Amino acid sequence: MAKLTKLDDIVSLCKRRGFIFQSSEIYGGLASCYDYGPLGVELKRNVREAWWKSVVKMRDDVVGLDCSILMHPMVWKSSGHADKFADLVTVCKKCNARTRVDHLKDHAEEHTEHVPIETAQVDAQNLSKKVCPGCGKIGQFGEPMAFKLMFETQMGANADDTMSLWLRPETAQGIFANFKNVLDSTRVKVPFGIAQIGKSFRNEVTTKAFIFRTREFEQAEIEFFCEPGTDEQWYEHWKEKRFAWYIDHGIDPENLRFRDHDPDELAHYAKACVDVEYKFPFGSGDWQELEGVANRTDFDLRQHQRGMRSINDWYENDRDLTKITLKEEAEDYHKGPLSYFDEQKKERYIPYVIEPSAGIDRSTLAFLVDAYDEEEVKGETRNLLRFHPALAPTKVAVFPLVKKHGMPEIATKICDDLKKSITCFYDQKGAIGRRYRRQDEAGTPYCITVDGQTSEDNTVTVRDRDSMDQERIAVDQIKAYMRDKLDM
RNA sequence: GCGGGUGUAGCUUAGUGGUAAAGCUUCAGCCUUCCAAGCUGAUCAUGCGGGUUCGAUUCCCGCCACCCGCUCCA
């Protein structure tokens, strides 16, 4: 069957049906920014809720959180973002390949982490011996360009007295910063997790592929705190849980896989990391990351303990982060303010952290692409979105077979009644077949039709999106029927 | 940022140095008793800004945006 094979087809579908629009389109658009239309916002909201339900509501060991996007600058000093979230990039004059300066080596290149900007600048002084990984030419590089990877903004209305802040580049740090608050207020015990969904901002060097890599994006992250030594089993646990979530919500297993990070690919704080990848149809049909599950060890909480010890330095140095370095870690750091006291073992430790970090926009796109289908029906092409019921923007559409003989009144009443608990949509325009197809394109799983028989025996037909089969049920059974079908 | 490509109604396409055509969609009406039927009518476009020209959607320049690479990662 013909499917979406080009990104252009997906973009077109998204716009045509009101899923996703280019941001500020009437002004020519704004690079890398997108808006969710009427159907898109419902879909995305459902993706969020499905995630939240799965990791918070259905579990006893995860609680939720919603942190501010603006946080104390020291958060980013401790996390490492302030020092390291800047790259110097240079371009080979011969082949135009673009490479991060810290990735350039005299000989073979090996993967490295982000490095402090100052270090990179020193490195950049001497590129004459460096080898272009693209064409192998030596020392043919242009002036290195600095990239600020975090968005900066100002807090304070008085123009002469403002404070520069960053928009968070990840939601994770808000969770670490609230670790103690959650411990003190919710009676949770390790192992437990804190989940959060929210916007993050990164000045990606290059954006990519529609909403796949954007500078403003939405993350769904869990920081799961566990006892050191149990981290590997929890890593496996989350790896499995998160993979299953995509499958359970309709992603074709053929299009989903794990990709383990190579040891030299791991971030400095991570002990292990695996990506959940989806086979997007764009480009050459590449596998692209939807979610990363990482074992972050005790790195973050230990870093924040160092940061807390350094706060006075920040004040004493005119609140200038570039002038300070974090204090060394205390000898007994494992008993520090962000440690956990294990009642069973009667000992304190800094928990290890397993972090499943998903991209809401990315998975929304994956669910959309994966649900898209075309099939031949009586010589006509039927376009439909086979969304999982939990994700479908509209759950039920209600129609009168024709708009006379009192059918619209009955149908309207049914729809109004359903609205209280189910997202539904009423339509009486045009021929019935057309209305069915319209709902197919929006991914609505069920259509209820009031016909001539309804006024005689109080029954309606329920039409299934995927099979197009119809079933006749009693009006007073509709709610129960839908609850059952929609698994509500 | 560099290289390559693209930009005409909501969508898909046509076309031209003389003021833009069609299909689908949408809207109104008629007709319709179960899968995009039919009839009538209507709305809607040359990404933005300059230049050349009597006249630019078309030619030139700049900008913006998107796509494909280089990169990166949720």
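The figures that follow rest on heavy atoms only: side chains count, while hydrogens, waters and symmetry mates do not. Every chain is numbered from 1, with letters handed out A, B, ... down the list of sequences. Since the model is a prediction, treat every value here as computed from it, not as a measurement.
- The phosphate of B:rU32 has OP1 or OP2 within less than 4.0 Å of a side-chain N or O from A:K404.
- Taking atom C1' on both nucleotides, B:rG15 is separated from B:rU8 by 10 Å, rounded to a whole Å.
- Whole-Å rounding puts the A:R242 CZ to B:rA74 P distance at 15 Å.
- Between the side chains of A:S79 and A:Q303, no donor-acceptor pair of N or O atoms lies under 3.5 Å.
- Classified by interplanar angle (parallel below 30°, tilted 30° to 60°, perpendicular above 60°), the ring pair A:F176/A:F225 is perpendicular.
- Rounded to whole angstrom, the span from the CZ atom of A:F399 across to the C1' atom of B:rU33 amounts to 15 Å.
- Each of B:rA37, B:rC73, B:rC67 was ranked by its minimum atom distance to the side chain of A:A431; first place goes to B:rA37.
- If you take atom P in B:rG4 and the same atom in B:rC61, they sit 13 Å apart, rounded to whole Å.
- Nearest heavy atoms, A:A195 versus A:I175: C-CD1, 4.5 Å.
- Distances were taken from every side-chain heavy atom of A:F210 (C-beta onward) to each of B:rU33, B:rC73, B:rC67; the shortest belongs to B:rC67.
- Relative to the side chain of A:E289, the nucleotides B:rC66, B:rA74, B:rC35 differ in distance, and B:rA74 lies closest.
- The base of B:rC67 has none of its N or O atoms less than 3.5 Å from a complementary donor or acceptor on the side chain of A:D8.
- Salt bridge A:D469/A:R463: absent, no basic N to carboxylate O contact under 4.0 Å.
- Put simply, the side chain of A:R463 and the base of B:rC35 share a donor and an acceptor less than 3.5 Å apart.
- One atom, CD of A:E170, and another, P of B:rA74, lie 8 Å apart when rounded to the nearest Å.
- A donor N or O paired with an acceptor N or O is not found under 3.5 Å between the base of B:rC11 and the side-chain atoms of A:S12.
- The partner of B:rU46, taking Watson-Crick or G-U wobble pairs whose two distances both stay under 3.5 Å, does not exist in any strand shown.
- Nucleotide B:rU52 forms no Watson-Crick or G-U wobble pair with any nucleotide shown, as no partner meets the under 3.5 Å limit on both distances.
- Remark: P of B:rA36 and CD of A:Q439 are 15 Å apart, rounded to the nearest angstrom.
- Residue A:Y27 places no side-chain atom within donor-acceptor reach of the base of B:rC48, judged by atom type and a 3.5 Å distance cut-off alone.
- Set against B:rC34, B:rC67, B:rA65, the side chain of A:A31 has B:rA65 as its closest nucleotide.
- Taking atom C1' on both nucleotides, B:rA45 is separated from B:rG23 by 15 Å, rounded to a whole Å.
- Between A:Y246 and A:F367, the ring planes are parallel. Angles under 30° get that label, and only those over 60° would be called perpendicular.
- The listed nucleotides are B:rC73, B:rU26, B:rC34; the one nearest the side chain of A:R259 is B:rC73.
- Using a 4.0 Å heavy-atom criterion, one finds that A:S357 contacts the sugar-phosphate atoms exclusively.
- Taking atom CZ of residue A:R437 and atom C1' of nucleotide B:rC11, one finds them 19 Å apart after rounding to whole Å.
- When all heavy atoms are compared, the tightest approach of A:D260 to A:K239 is OD1-NZ, 4.0 Å.
- A:D427 pairs with exactly one of A:R438, A:R437, A:R435 by the salt bridge (Lys or Arg N to Asp or Glu O under 4.0 Å) rule, that one being A:R438.
- Out of B:rC34, B:rC66, B:rC73, the shortest distance to the side chain of A:Y34 is found at B:rC66.
- Side-chain proximity of A:K429 to B:rA36, B:rU32, B:rA28: nearest is B:rA28.
- Per the geometry, CD belonging to A:Q428 stands 10 Å off P belonging to B:rG29, to the nearest Å.
- The C1' atoms of B:rU58 and B:rA21 are separated by 16 Å, rounded to the nearest whole Å.
- Here the nucleotide nearest the side chain of A:L401, chosen from B:rA36, B:rU33, B:rC35, is B:rU33.
- The gap from the C1' atom of B:rA22 to that of B:rC44 amounts to 14 Å, rounded to the nearest Å.
- Taking side-chain N and O atoms only, A:Q22 has a distance below 4.0 Å to OP1 or OP2 of B:rC66.
- Closest contact between the side chain of A:Y436 and the listed nucleotides B:rA74, B:rC34, B:rU33 involves B:rC34.
- A:S363 has no side-chain polar atom (N or O) that falls below the 4.0 Å cut-off from OP1 or OP2 of B:rA74.
- Pairing partner, B:rA14: none, since no Watson-Crick or wobble contact has both distances short of 3.5 Å.
- Distance A:R16 CZ to B:rA9 C1': 15 Å, rounded to the nearest Å.
- Under 3.5 Å, the side chains of A:Y426 and A:Q428 contain a donor-acceptor pair of N or O atoms.
- Going from the P atom of B:rU19 to that of B:rA56 covers 12 Å, rounded to whole Å.
- Residue A:H405 places its side chain closer to B:rU33 than to any other of B:rC31, B:rU33, B:rA74.
- Rounded to whole angstrom, the span from the CZ atom of A:F201 across to the P atom of B:rC73 amounts to 19 Å.
- Base pairing of B:rC64 is made with B:rG7, judged by Watson-Crick or G-U wobble geometry with both donor-acceptor distances under 3.5 Å.
- Base pairing analysis places B:rU71 opposite nothing; no Watson-Crick or G-U wobble pair with both distances below 3.5 Å involves it.
- Between B:rA42 and B:rC35, the two C1' atoms lie 27 Å apart (nearest whole Å).
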